[in-house]
Amino acid sequence: MAPTSGKRRVTITDVALHAGVSTSAVSKVLRNAYGVSPEMRERVRAAMAELDYRPHAAARGMRGRTYTIGVLLDNIRNAFFADILEGVNTELRGGDYQVLIGAAGFGEEDQTRLARALVDRQMDGLILIGPGFPRTEVLRTAATVPTVVIGHHDVAEEHDSVVDADALGAGLVIDHLVRLGHRRIALTSTPGNRGSGWSGTPERVQRRGYHEAMRRHGLQDLARVAMTAFSEEGGYRAGMELLASADRPTAVFGGADVAAMGVFRAARELGLRIPEDFSLAGYNNTAVAALAPVRLTSVDQAGGLMGTTAARLLLERIEGRTRSVLMTVSPSLVVRGTTGPPPATEV
DNA sequence: CCCGGTGGTCCGTCATTATT
DNA sequence: AATAATGACGGACCACCGGG
């Protein structure tokens with residue numbers, strides 16, 4: 001049947017013929033269904049092995065499951081996703097399910113198209129990592145296909161949610177910096193996809209946490225946010241804006257590690273030392289943050305745990321749970337070399 | 001009961017037959 | 001001749017049936 005070349009793939013009919021049983025017997029063995037003797041099971045297993053048989057996912061899809069889970073994310077360069085995916089794989093390892101990953105980019109259109117493509121290919125479930133396409137579209141999809149959304153704090157009956165306590169995470173950073181003696185602490189953040197209907201994006205919740213923490217310390221008047229993109233380039237621009245100004249902050253909280261890297265570059269260009277001239281903290285605790293020349297203080301979001309949790313919730317949904325679940329993962333501060341006391345003149 | 005098999009079913013494609 | 005309706009697949013699932 002394969003359009004490209006000669007030999008037809010092996011089907012359960014071939015297996016049945018080879019083993020001298022009916023196709024349904026083979027099907028039962030495949031599904032571990034009731035009503036097959038151990039001897040027959042063995043015979044069928046042997047036949048499958050000899051013929052190098054593998055179930056046809058599309059055919060299974062016609063009748064129900066494909067045993068495939070689709071993961072949608074925006075940018076595969078974001079190292080944080082690697083942690084999540086590792087978690088997903090850990091949870092699914094050894095099971096019947098296979099994971100397919102799609103990196104759609106940041107655009108709404110592209111993300112929507114990818115999400116639909118996953119549905120059209122009969123994924124049994126979807127894991128959407130910080131989707132940037134319209135929330136209405138996500139809800140419509142989730143109404144049909146079991147879905148878990150990672151990142152956004154917006155909850156809905158249609159899907160489960162796995163989030164990081166981003167407000168708390170931001171608080172950890174501010175508390176740490178204040179304890180060191182900082183007062184002028186700036187944040188780099190991102191507006192995200194406007195008008196896509198998400199009100200609980202991680203960056204927004206993080207921003208709220210930042211302002212709350214500043215207020216808690218009586219520093220609300222010194223709060224300052226540089227809106228940028230969560231990318232190296234975005235961080236660089238935000239860094240230039242903040243560090244070149246007259247009332248330069250003594251500490252910069254990069255809302256994401258990638259952005260913090262950009263601030264690094266800006267600092268070098270301006271001849272500012274870290275942490276002597278100003279402190280820098282990131283968020284995500286990605287692999288780069290731990291590298292020896294970087295040693296970036298950051299917030300660990302337990303990405304692996306988010307991944308395993310998302311996968312587990314999704315399997316539950318696939319098995320029939322309809323009530324939606326929200327799981328919140330606690331972040332923790334990882335102090336490294338980029339944060340220290342503010343310059344002496346400031347104290 | 002157990003175990004094994006029959007026959008209908010899913011959805012989309014493509015070839016065959018019927019209708020205008 | 002062009003268009004429309006029909007039906008036979010493809011590969012696997014599953015409710016149900018029947019013989020020991």
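Below, chains carry the letters A, B, ... as their sequence lines are ordered, and counting in each starts from 1.
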Provide, to the nearest angstrom, the distance between the [atom1] atom belonging to [X] and the [atom2] atom belonging to [N].
X        : N      : atom1 : atom2 : value
A/Ile12  : C/dC13 : CD1   : P     : 7 Å
A/Arg41  : B/dC3  : CZ    : C1'   : 11 Å
A/Asp124 : B/dC10 : CG    : C1'   : 15 Å
A/Met62  : C/dA8  : CE    : C1'   : 13 Å
A/Glu42  : B/dC3  : CD    : C1'   : 17 Å
A/Arg65  : C/dG11 : CZ    : C1'   : 18 Å
A/Gln122 : C/dG11 : CD    : P     : 17 Å
A/Arg63  : C/dG10 : CZ    : P     : 17 Å

**Request:** Identify, residue by residue, the members of residues 15-24 of chain A with a heavy atom below 4.0 Å from DNA chain C, and return them in order of residue number, or none.
**Result:** A/Ser24
**Prompt:** Below 4.0 angstrom from OP1 or OP2 of C/dC13, is there any side-chain N or O of A/Arg60?
**Reply:** yes
**Request:** Check whether any side-chain N or O of A/Tyr34 sits under 4.0 Å from OP1 or OP2 of C/dA15, and answer yes or no.
**Result:**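 No, because none of the side-chain N or O atoms of A/Tyr34 sits under 4.0 Å from OP1 or OP2 of C/dA15.
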**Lys/Arg N to Asp/Glu carboxylate O, A/Arg208 vs A/Glu212, below 4.0 Å** = yes
**Out of C/dA12, C/dC13, B/dG5, whichever nucleotide has its closest atom nearest the side chain of A/Ala25** = B/dG5
**Item:** Proximity to the side chain of A/Arg31 - top-ranked nucleotide from C/dC14, B/dG4, C/dG11
**Value:** C/dC14
**Request:** Would you mind classifying the nucleic acid contact of A/Thr11 as base, sugar-phosphate or nothing, using non-hydrogen atoms under 4.0 angstrom?
**Result:**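 Here A/Thr11 touches the backbone only, sparing every base.
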Check whether the side chains of [X] and [Y] place a donor and an acceptor atom closer than 3.5 Å, and report yes or no.
X        : Y        : answer
A/Asn284 : A/Gln301 : yes
A/Ser279 : A/His182 : yes
A/Asp300 : A/Ser332 : no
A/Ser27  : A/Arg31  : yes

**Item:** Residue pairs, two or more places apart or on separate chains, that pass side chain to side chain donor-acceptor pair (under 3.5 Å) and touch residues 73-88 of chain A
**Value:** none
**Asked** Other hydrophobic cluster members with A/Phe106, side-chain heavy atoms of Ile/Leu/Val/Met/Phe/Trp/Tyr under 4.5 Å, chained?
**Response**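 Besides A/Phe106, the hydrophobic cluster comprises nothing; the residue is isolated.
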